[in-house]
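Side chains are part of it too, since the values below use all heavy atoms of this structure and drop only hydrogens, waters and symmetry mates. All values derive from a computational prediction rather than experimental measurement. Atoms within each ligand, like the ligands themselves, are counted from 1 in listed order.
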Amino acid sequence: MLAPRSNESSIISVKVSGRKSAGLPVYKRSLKAFHARKKSIDLAIRSRAKCISLMQALATRENPPIERLKITAIGTTLRTKMEQTGKRLSCFAQALNIPFSFNTIMPAFKTRFKKQQFCRNWLHSGIKMQAKITVTETWLRKHRHLYDGATRHPFIRSIRDGNIDISAFKTWLGQDYIFVRAFVPFVASVLTKAYKGSDDGNGDVEVILGGVAALHDEISWFKKEAFKWGVQLSDIVPQKANQEYCRFLESLISPEVEYTVAAVAFWAIETIYQESFAHCLEDDSKTPPELKETCQRWGNESFGEYCNSLRNIVDRQLEKGSDDVITKAEATLLRVLEHEVDFWNMSHGRT
Ligand SMILES: Cc1ncc(CNC=O)c(N)n1
């Protein structure tokens with residue numbers, strides 16, 4: 001559900017969406033209501049700047065004092081970006097002594113039109129709109145702890161903080177090359193399942209084909225990068241965690257594994273790298289310059305959009321999946337998360 005309107009006194013819900021700013025009149029009207037000491041108001045604010053001026057206004061208000069400011073950002077952009085915004089706003093609220101909470105929701109939209117329609121309705125109709133929470137959203141909330149373990153691993157943190165041990169990086173590079181080679185037939189099998197398993201009016205095959213194509217370039221990149229760091233790829237022996245992960249991928253190639261289940265694994269595998277490496281590129285990161293290109297490879301925005309397309313595919317499939325398939329798919333997600341954590345541990349030399 002979208003930022004539920006609270007009936008408690010002085011609780012203000014603010015909704016943030018999109019990059020473009022809402023018409024100023026909406027904002028002015030809301031502020032007027034606020035100055036008139038209405039007990040509860042609901043603002044549709046579409047930019048961080050406006051949130052900040054609102055907070056400044058709230059901080060100087062004495063009667064009645066603000067009890068809590070709740071901001072819900074609706075997902076029209078990348079999760080990591082929204083969370084960054086949340087962090088900044090939270091710091092600001094703290095400085096102003098305003099009790100503050102922030103949360104994000106990311107409803108999936110099938111088309112750009114649907115998204116625009118949603119945002120427009122949302123701005124104008126206040127709280128009446130409800131966004132349906134997707135299955136992936138539910139899972140990520142439920143397994144937040146494990147998910148964060150995979151995307152904010154000490155290995156990733158050490159890149160981000162600029163104190164990574166270069167030998168650990170080289171280990172990761174060599175092992176990941178082997179992983180990516182095993183990933184290719186897996187992705188090809190997802191492509192086959194997409195072709196066979198659905199009527200594909202939604203263009204799943206094309207999205208997945210884009211993934212296959214990118215892997216070709218990725219393998220060349222690994223070779224080039226290995227040469228740069230003096231890593232001899234032909235000598236690499238896959239370590240235990242890597243072997244187990246590759247074996248897991250192979251098990252998913254089987255035709256008995258449903259398209260939905262395999263697609264969930266595919267989405268999760270790509271997204272974990274996207275979120276992990278995007279974290280190393282945030283403004284306040286101290287990632288060493290020589291590792292920036294690696295982080296860019298998975299942390300860039302267009303890879304992020306590709307991950308979102310995969311997520312939409314997965315949510316659409318899950319929406320019509322049987323209970324049995326949904327249960328299997330969730331278990332598969334958990335196994336991917338565990339394998340990813342083990343993979344980072346192995347790279348970090350903590351097996
Ligand atoms: C262990 C692991 N997980 C995910 C990825 C990202 N997908 C393809 O490159 C990767 N390269 N390695």
Side-chain angles (χ1 to χ4, degrees), residues 80 146-156 159 168-191 207-226 229 231 233 236-253 262-281 291 293-311 313-314 332-351:
T80 41
L146 189 51
Y147 185 74
D148 287 349
T151 56
R152 298 286 184 266
H153 189 275
F155 180 83
I156 281 298
I159 294 179
F169 177 77
K170 289 186 186 178
T171 304
W172 167 80
L173 189 71
Q175 293 294 323
D176 211 45
Y177 170 72
I178 294 181
F179 174 84
V180 171
R181 294 201 72 107
F183 191 56
V184 174
F186 164 70
V187 179
S189 79
V190 181
L191 184 77
V207 174
I208 300 162
L209 183 58
V212 177
L215 285 172
H216 184 241
D217 183 54
E218 191 166 309
I219 286 180
S220 312
W221 177 84
F222 269 101
K223 290 180 180 164
K224 187 192 81 182
E225 196 69 8
W229 291 99
V231 173
L233 290 177
I236 307 285
V237 179
Q239 291 187 29
K240 187 165 160 278
N242 199 0
Q243 280 173 16
E244 284 170 2
Y245 203 175
C246 292
R247 215 173 295 139
F248 170 70
L249 288 182
E250 274 170 40
S251 74
L252 294 174
I253 292 177
V264 163
F266 182 36
W267 156 68
I269 292 170
E270 297 287 52
T271 301
I272 290 162
Y273 261 42
Q274 204 283 324
E275 288 227 15
S276 300
F277 285 110
H279 188 50
C280 303
L281 296 170
L291 300 186
E293 195 189 305
T294 301
C295 301
Q296 220 26 72
R297 174 135 219 116
W298 291 277
N300 75 75
E301 276 203 32
S302 86
F303 194 75
E305 309 227 323
Y306 157 71
C307 290
N308 274 340
S309 307
L310 294 179
R311 183 169 179 173
I313 287 177
V314 162
T332 304
L333 168 66
L334 293 183
R335 295 202 50 201
V336 168
L337 293 172
E338 286 159 5
H339 280 300
E340 287 289 338
V341 171
D342 290 347
F343 201 93
W344 293 132
N345 282 341
M346 167 197 74
S347 306
H348 216 197
R350 295 183 177 181
T351 24

Next on the checklist: Less than 4.5 Å apart, side chain to side chain, heavy atoms only: is that true for E244 and H339?
Outcome noted: yes
Next on the checklist: Under a 3.5 Å cutoff, is there a donor and acceptor pairing between the side chains of E340 and Y245?
Outcome noted: yes
Checklist outcome for this item: For Q274, the side chain to side chain donor-acceptor pair (under 3.5 Å) test, sequence neighbours excluded, returns none
Checklist outcome for this item: Chain-and-number sorted residues having a heavy-atom contact under 4.0 Å with ligand 1 are D176, F179, V180, F183, E218, Y245, I269, E270, Y273, W298, E340, F343
Next on the checklist: Please enumerate all residues that pass side-chain contact (heavy atoms from CB on, under 4.5 Å) together with L291, with sequence neighbours excluded.
Outcome noted: I159, I164, F169, W229, T287, P288
Item to check | Heavy-atom side-chain proximity of L252 to T332 below 4.5 angstrom | outcome: yes
Listed pairs under 3.5 Å, donor-acceptor, residues 216-223 side chains, sequence neighbours left out:
from, atom 1, to, atom 2, distance (Å)
D217, OD2, R297, NH2, 3.1
S220, OG, H216, O, 3.3
W221, NE1, E293, OE2, 3.0

